[in-house]
Amino acid sequence: MTRRILRNVFDRADPTTAIGVAAAACYLLYHRYLYRAPRPVVHLVLLLLVPVALVSLFARRLSVIQQCSHVLIYWTIVAALTVLYRISPLHPLARYPGPLAAKLSKFYLANLIVKGRAHENIRALHRDYGDVVRIGPNELSFNRSDAIPTIYAEKTMPKGPYYITRQSLDGVVQIDGVSDFKEHARRSKPWAKAMNGTAIKTYQPIVSSTVAELIEQLDKRVGGEVNMSDWMNFYGFDLMGRVVFGREWGMLREARDVGDYCHTIDKCVIMLAWLSQVPWIYPIMQLLSPPAEVNKMKEMGDNSCIARIDSGGSGTKDLYYYLMNEDGSSKSQLTRKEGLSDGVVAIIAGSDTAATALTHLCYYFLQRPECLRRLRHEIEEVYPSLGDELEDLARQADMLYLNACLNETLRLLPPVLTGLQRSVEDGTGGAMIAGYFVPEGTEVSVHHYSVQRNPKEFSPLPDTFWPDRWLEQDTYVLPTGGAIDRAQVHTNRNAFMPFSVGLQQCAGKNLALLELRAVACALFRRFDMTPSEKSNLENYERGLMDVYVTVKGPLYVHLTARQL
Ligand code: HEM
């Protein structure tokens with residue numbers, strides 16, 4: 001009976017109209033419910049099974065070629081409706097300006113990522129279009145410090161679909177991809193314990209001995225040419241291996257990228273940053289076998305974590321000791337899979353970012369040697385005896401000029417340049433951000449590379465390395481010459497967010513600052529640096545790739561030992 005009715009309907013219905021109605025329904029489903037990275041099976045059903053099944057119902061009236069062309073019509077209608085709606089005045093973000101290509105598709109941002117220039121491109125968009133720019137069909141970028149608390153600190157906006165790449169095939173999410181606030185609170189508890197004052201004190205001897213090894217190696221290379229970018233990577237990696245698991249990578253000792261891990265991580269982050277911009281592709285990619293680099297990165301972390309978990313703990317108070325609750329002092333416990341996943345995060349999040357910040361610091365001192373001389377003066381004042389700066393790291397937290405130099409480096413070139421996407425959740429009715437109404441279902445972020453160079457937040461000379469802006473003084477001498485008084489210097493600390501802000505900010509900030517200060521004090525006290533013939537300082541910034549974290553090029557210098 002039903003079959004007969006259906007046959008009657010399909011005998012009378014116009015195939016093109018039927019396919020058009022089905023395509024419109026498919027579009028509405030995607031638009032209303034499925035725009036956030038659905039499972040591959042949903043694409044398969046809606047984009048393949050539905051049109052193929054539909055044309056097969058008309059098989060008696062359509063030739064094979066006509067059937068194929070009707071499937072094509074279906075796809076074209078879905079695509080056309082998507083495009084038209086995105087650029088129409090009916091779209092909830094229609095009032096926000098931005099390039100046409102960005103309004104049409106996330107491939108616009110993905111393309112910027114592949115080229116590595118997203119940080120500069122988005123800044124240019126803010127210059128052209130204003131403080132709030134539509135950088136994706138459903139995405140806004142803010143270049144305003146008053147957007148920071150609402151987006152990051154008020155616990156109302158969870159992480160956006162960008163973070164889908166933090167999810168593994170078996171459903172475990174790395175801590176930096178956990179969007180539910182309650183679940184995040186559970187996952188971050190062990191991190192808080194691993195980064196409190198007591199834990200940090202236990203890491204200090206490890207930091208000191210790793211810095212000492214770096215210095216020893218650089219000492220052997222005095223008079224020659226040294227790629228500081230490589231050496232900072234070796235340091236960052238070795239330190240994280242030791243602090244996190246007590247593991248020896250031996251990069252400083254062997255003066256090379258042992259296991260090719262630094263290089264592998266760079267390749268992985270480029271791939272993941274691209275995929276994060278088009279999150280609907282990620283579940284499809286997960287069905288394929290992962291690229292060799294991803295396997296290698298996973299293997300590197302897993303090898304260290306599995307050995308540690310299986311041995312029942314080492315008893316050494318390193319980061320993993322706290323993370324895995326090896327002393328049993330905490331009620332909440334990460335599962336084995338969560339422990340594996342966060343162990344890899346610790347290595348990657350901690351090694352690469354710190355190495356990048358230190359290389360940038362060297363770059364700025366090459367540009368402004370007078371700043372280096374002033375820092376050295378402060379180091380020698382705080383540590384009159386050589387060697388103390390390696391023994392007593394606690395004093396470094398209060399070194400005003402040192403911290404001003406680090407802030408200035410992290411302001412101009414934060415190691416995480418673009419990203420930190422959050423969502424205005426469905427069902428909230430939208431949100432007011434910095435005086436702008438943002439409808440629900442919108443992804444938002446503050447572009448910290450832009451906001452940290454915004455003249456309304458940092459002036460004068462927002463693009464110049466000028467550590468003095470972080471100091472409280474009555475008068476300031478400008479790097480361009482001339483003096484200005486305090487009222488003319490504007491430094492908005494609330495616009496400074498290299499570690500992000502709020503509950504989901506960098507879990508390793510305290511350790512990061514400890515290691516940055518330690519290297520700066522020991523390195524610049526002992527060595528002078530000049531750019532080598534191979535290094536073209538003007539091209540250094542142009543060579544940086546913004547792939548969420550920064551992939552940096554070489555920084556060649558000549559090292560000279562100072563008379564101490
Ligand atoms: C200069 C060095 C560093 C910088 C600039 C930095 C920056 C950041 C930023 C911006 C985030 C927020 C990411 C997001 O919301 O998408 C983050 C998260 C994180 N960082 Fe760092 N980081 C640094 C060093 C470290 C170190 C040394 C560790 C520790 C091993 C670490 C561990 C983490 C973890 C676990 C998260 C995720 C936190 C969460 O989602 O709760 N970072 N970092």
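Treat the numbers as computed from the prediction; the structure is a model and nothing was measured. First listed ligand is number 1; within each ligand, the first listed atom is number 1.
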Using a strict cut-off of 4.0 Å, indicate which atoms of ligand 1 neighbour a heavy atom of [X].
| X | answer |
| --- | --- |
| Y163 | 14 (C), 15 (O), 16 (O) |
| E515 | 27 (C) |
| L420 | 12 (C), 13 (C), 14 (C), 15 (O), 16 (O) |

Taking only non-hydrogen atoms of [X], do any sit less than 4.0 angstrom from ligand 1?
| X | value |
| --- | --- |
| P415 | yes |
| K509 | no |
| H360 | no |
| H184 | yes |

Tell me: protein heavy atom nearest [atom], and distance?
| atom | answer |
| --- | --- |
| atom 26 (C) of ligand 1 | G350 CA, 3.4 Å |
| atom 38 (C) of ligand 1 | Q505 O, 3.5 Å |
| atom 23 (C) of ligand 1 | T353 OG1, 3.3 Å |
| atom 22 (N) of ligand 1 | C506 SG, 3.1 Å |
| atom 4 (C) of ligand 1 | F499 CE2, 3.5 Å |
| atom 36 (C) of ligand 1 | A507 N, 3.8 Å |
| atom 37 (C) of ligand 1 | D176 CB, 3.6 Å |

Donor-acceptor pair, distance only, cut-off 3.5 Å: does the side chain of [X] make one with the backbone of [Y]?
| X | Y | value |
| --- | --- | --- |
| W249 | F237 | yes |
| S141 | V133 | no |
| E457 | S145 | yes |
| S423 | E425 | no |

Taking the basic N atoms (NZ, or NE/NH1/NH2) and the acidic carboxylate oxygens, is any pair closer than 4.0 Å for [X] and [Y]?
| X | Y | answer |
| --- | --- | --- |
| R134 | E139 | no |
| E389 | R525 | yes |
| K456 | D131 | yes |

Is the contact between [X] and ligand 1 made by the side chain, the backbone, both, or neither, using heavy atoms and a 4.0 Å cut-off?
| X | value |
| --- | --- |
| R187 | neither |
| M497 | neither |
| P498 | backbone |
| R166 | neither |
| K159 | side chain |
| Y548 | side chain |

Which is closest to atom 30 (C) of ligand 1 in terms of heavy atoms, G508, A512, A349, A346?
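Nearest heavy atom to atom 30 (C) of ligand 1 lies in A346.
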
Selection from A192, G177, S276, S500 by shortest heavy-atom distance to atom 12 (C) of ligand 1
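Answer by nearest heavy atom: S500.
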
Between atom CZ of R256 and atom CZ of F234, what is the distance when rounded to the nearest 0.5 Å?
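Here the rounded value is 9.0 Å.
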
Taking the six-membered ring for Trp, are Y162 and Y548 parallel (under 30°), tilted (30 to 60°) or perpendicular (over 60°)?
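Judged by the thresholds at 30° and 60°, the geometry between Y162 and Y548 is tilted.
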
Give me the ring orientation class for F465 and Y364: parallel if the planes are under 30° apart, tilted from 30 to 60°, perpendicular past 60°.
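Answer is parallel, since the angle falls under 30°.
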
Under the side chain to side chain donor-acceptor pair (under 3.5 Å) test against K552, which residue among T359, N233, D352 passes?
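Testing K552 for a side chain to side chain donor-acceptor pair (under 3.5 Å) against T359, N233, D352 leaves exactly one candidate, N233.
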
N or O contact, R422 vs ligand 1, cut-off under 3.5 Å:
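N/O-N/O distance under 3.5 Å: yes.
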
For K189, I'd like to know if atom NZ has over 12 heavy atoms of other residues, nucleotides or ligands within 6.0 Å.
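Incorrect, the count does not exceed 12.
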
Charged tip of R453 within 45° of F458 ring normal and under 6.0 Å
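Output no; distance or angle outside limits.
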
Taking side-chain contact (heavy atoms from CB on, under 4.5 Å) as the criterion, tell me which of R166, R187, Q167 meets it with S341.
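That would be R187.
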
